Amino acid sequence: MRFLSTGLVRGLIAQIIGTVVGMALTMAIRVLVGLPVSSTDAALQQHITEVHVVGGVIIGAIAFMVGVGVLDEWLGWARGKPINENIDPDPSKPNWMRYFGVDFDHKVIGVQYGVTSILLLGIGGLMAVLFRTELAQSGITFLNSDIFEIMLGYNSEHLFNTLMSLHGMVMIAGNLLGIGALMNYLVPMMIGANDMAFPRLNSFAFWINVPGALILVSSMFFGGFDTGWVGYPPLSVRAPLGMEMFLIGVYLVGLSSIAGAINVIVTVFTMRAKGMTMFRMPIFVWAALATSIIQFTATQMIGLSFQLVMLERLFGMGFFDATAGGDPILYQHLFWFYSHPAVYVFILPGLGIISELLPVFSRKPLFGYKAVAMSSLGIALIGFFVWAHHMFASGMSPFLRVPFMYATLLVAVPTGVKFFSWVATLWEGKLEFPTPMLFALGSVIIFLLGGVTGPPLGTIATDLHLHDTYFVVGHFHDTMFGGFVFPFFAALYYWFPKLTGRMYSEKLGKWHFWLMWGSFMVLSNGMLLVGLLGMRRRIVDYDPALGFDFTHLLITIAAFAIFLSVVLALYNFIRSARKGPEAKGNVWNSRSPEWHIPSPAPLHNFPEPFEVVGEPYDYGKIDSPYVIMPAASATGHAHAAATGKE
């Protein structure tokens, strides 16, 4: 019964009730303004139903936030109640309930982000396995099943399009939540802060993702959508009702992204420990700062583009309808102005993780620390000037292609700084190869493949040949797996002892790495190959005479192997969190502040502030301390006594 009283369950119940009430309220408003609530005309009835559902879903999302309790403090303040300054968890409730309800500790919120991210990545991966099975051989076979007709009301081509489209956006949402997990859990501890600058806003930023993710995934049951993750009009204006769920769901996840970015920026600029200048921060904090600047300044553009599509669908406003004076190319400009920098939202934290781990496992200083730090800001800045290389084939003015081509190629400069730093850091180092290091090195190789396959897509002549082929799919997967997925697993293994106080199984971790890395190389290189040979992306079938069948079969087997490797990793994490050997002290012999407090980290992290007196990556240098940690912070006893936790 205790579980039923958690914030999550209350929120879900409130969302269901809110959706029904919202639909009824929308009907009532239509009646009041003299509009029909039903029609015998099929097209008009479809439109009326869409208006009712959209109204209900939006009210339902708000109801979830009220039900989960994340708005309680703000609503109380609005009614004139005093602010509760003590936001510590209720000691009368079991610890596990903190993860299923509103909590203001950045570490709990980081775990909430992380678990939700893994769930979404699992759902997106399952979709990929499903439509990949269809592509294992030519002809429509697997998805042409009555079971899908019974479950969803549609199958074959439309089901493929929905799975493919939803896979893309669910994986992106999962990646965004993974970024939120890393930044929330690590940034405050790395800079010596006890929490984020705005704990209530932090909790809001996480919980708004839950109704957003539910609405996004529910699009499958509202007819799906067939636009791909880009949602280009005019197709998105004509797509089934599931398109609206896609637009609303992503909008809510984007709102979370903006709120989270504000928190990280303010925290980094105002809550650093004494002596921690900007160039004494751990390199991951620089990556988090650059990422947050992009999220804060660019996410509004994708929200705006989705809003305009919704308004065109609901009220007939012709923003993108050429016959009504609109311009479909306008959508692409708005969409890519965010969505290309968004790639750096995913990969900058991943590159930060790589730069963070390589010095630890090579026992050498990070080569060119300041250049690496500034390269993150350089990538973020240049990322705003490259969006139109996605539109070389869109019909945009030809003279605009050239400056965007050069701007795109310019991204290689700050990115190259990072590769140069990684190689120089490893050079003649005392290398160790535990699982986090394997994932970091695997990331470097795969991200390099993403880097070298990028210029052909940023150069006008080759992009016009490769546009919308599987070569783009292969390049994108190299970039995302090398830039985020592999570093994400490196981070999960590296900070697992800090999070749980226990060690994971190295044997299972290395099985995970080799199975995933080898399978991914088969998958991505297969995609690049069939793309070069002319395989189109986003199609359910292909001509067997083209000779793609065997390569597609290999790609599909590799996709299953990757999925299996992730299941193996989850088994390792869950089992080790319960039965793994105890992780004592600074298990990686790291200089970063979070490893100088007990594991798991205590509430409020540091009972007494520490002082930064040296450089963060002076590994191998004798008598070169980074932080001076008070004894109370190092043991946690003073804090534990104060909070009654020990």
Side-chain angles (χ1 to χ4, degrees), residues 105-108 110-111 182-196 267-268 271-288 352-353 355-366 369 432 434 436-437 490-504 581-643 645-646:
D105 185 351
H106 74 97
K107 299 183 290 296
V108 172
V111 172
L182 295 177
M183 295 199 297
N184 266 284
Y185 189 81
L186 295 176
V187 168
M189 284 196 290
M190 283 184 162
I191 65 171
N194 288 333
D195 208 327
M196 284 287 192
T267 301
V268 170
M271 300 177 69
R272 299 193 307 276
K274 181 182 179 183
M276 183 174 282
T277 62
M278 294 295 284
F279 285 117
R280 281 181 169 178
M281 294 192 305
I283 204 70
F284 176 78
V285 181
W286 272 103
I353 294 294
S355 297
E356 196 69 46
L357 266 57
L358 293 187
V360 175
F361 294 115
S362 63
R363 311 312 298 172
K364 279 186 61 187
L366 178 65
Y369 165 84
E432 298 174 348
M437 180 63 160
L492 291 179
Y493 282 107
Y494 183 77
W495 279 285
F496 183 84
K498 172 56 58 185
L499 174 64
T500 64
R502 295 183 180 275
M503 285 299 295
Y504 60 86
E582 189 175 348
K584 296 181 179 178
N586 187 350
V587 295
W588 306 119
N589 198 18
S590 169
R591 291 168 63 85
S592 196
E594 76 274 16
W595 288 105
H596 296 274
I597 55 177
S599 302
L603 186 68
H604 303 315
N605 303 340
F606 305 98
E608 293 184 23
F610 63 81
E611 183 177 359
V612 177
V613 295
E615 303 302 321
Y617 298 103
D618 277 353
Y619 290 99
K621 292 187 178 180
I622 301 173
D623 296 330
S624 178
Y626 177 39
V627 298
I628 296 178
M629 192 72 64
S633 292
T635 62
H637 290 309
H639 170 73
T643 57
K645 291 294 182 183
E646 188 177 71

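This chain uses plain numbering: 1 for the first residue, then up along the sequence. All figures in this text were calculated on a predicted structure; none of them were measured in a lab.
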Shortest non-hydrogen contact from [X] toward [Y]:
| X | Y | result |
| --- | --- | --- |
| P593 | M189 | CB-O, 3.7 Å |
| V587 | A583 | CG1-CB, 3.9 Å |
| W595 | G585 | CE3-O, 4.4 Å |
| G110 | N184 | CA-CB, 3.9 Å |
| M281 | V268 | SD-CG1, 3.7 Å |
| P434 | F361 | CG-CE2, 3.3 Å |

Side chains of [X] and [Y]: does their closest heavy-atom pair fall under 4.5 Å?
| X | Y | result |
| --- | --- | --- |
| S599 | W495 | no |
| W286 | F279 | yes |
| V627 | V613 | no |
| P188 | M183 | no |
| K107 | H604 | no |
| V111 | L499 | yes |
| K274 | V612 | no |

Q. In terms of ring plane angle, is the pair Y617 and Y619 parallel, tilted or perpendicular, where the classes change at 30° and 60°?
A.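 Tilted: the ring planes of Y617 and Y619 meet at 30° to 60°.
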For the atom pair [atom1] ([X]) and [atom2] ([Y]), what is the distance rounded to the nearest 0.5 Å?
| X | Y | atom1 | atom2 | answer |
| --- | --- | --- | --- | --- |
| L492 | I353 | CG | CD1 | 9.0 Å |
| I597 | N586 | CD1 | CG | 11.0 Å |
| S362 | E432 | OG | CD | 9.5 Å |

Ignoring hydrogens and angles, tell me if any N or O in the side chain of [X] forms a donor-acceptor pair with the backbone of [Y] under 3.5 Å.
| X | Y | answer |
| --- | --- | --- |
| S590 | S592 | yes |
| Y626 | R280 | yes |
| D618 | P625 | no |
| H106 | M196 | no |
| R591 | E615 | yes |
| N605 | A193 | yes |
| R363 | P359 | no |

Q. Checking side chain to side chain contact (heavy atoms under 4.5 Å, CB included) for the pair R272/T267: CA distance, chi angles, key distance, verdict?
A. CA-CA 8 Å; R272 299 193 307 276; T267 301; over 6 Å; no
Q. Excluding sequence neighbours, so at least two apart, what forms ring pair (Phe, Tyr, Trp, His ring centres under 6.0 Å) with Y185?
A. none
Q.
F496: which residues meet the ring pair (Phe, Tyr, Trp, His ring centres under 6.0 Å) condition with it, sequence neighbours left out?
A.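 Once residues adjacent in sequence are excluded, the partners of F496 under the ring pair (Phe, Tyr, Trp, His ring centres under 6.0 Å) criterion are F573.
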Q: Report yes or no: do E356 and Y494 form a side-chain donor-acceptor pair below 3.5 Å?
A: no
Q: Please report the C-alpha distance between F284 and V187 in whole Å, then the side-chain angles of each, then the deciding distance to 0.1 Å, and finally whether the side chain to side chain contact (heavy atoms under 4.5 Å, CB included) criterion is met.
A: CA-CA 8 Å; F284 176 78; V187 168; 4.2 Å; yes
(Q) Let's go through F606 and N194 carefully: what are the C-alpha distance in whole Å and the side-chain angles of both, what is the deciding distance for side chain to side chain contact (heavy atoms under 4.5 Å, CB included) to 0.1 Å, and is it a yes or a no? (A) CA-CA 6 Å; F606 305 98; N194 288 333; 3.7 Å; yes
Q: Would you please test I283 and L366 for side chain to side chain contact (heavy atoms under 4.5 Å, CB included) and show each step?
A: CA-CA 9 Å; I283 204 70; L366 178 65; 4.1 Å; yes
**Q.** N-O pairing of E594 and K498 below 4.0 Å
**A.**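 Salt bridge between E594 and K498, a charged N being under 4.0 Å from a carboxylate O: no.
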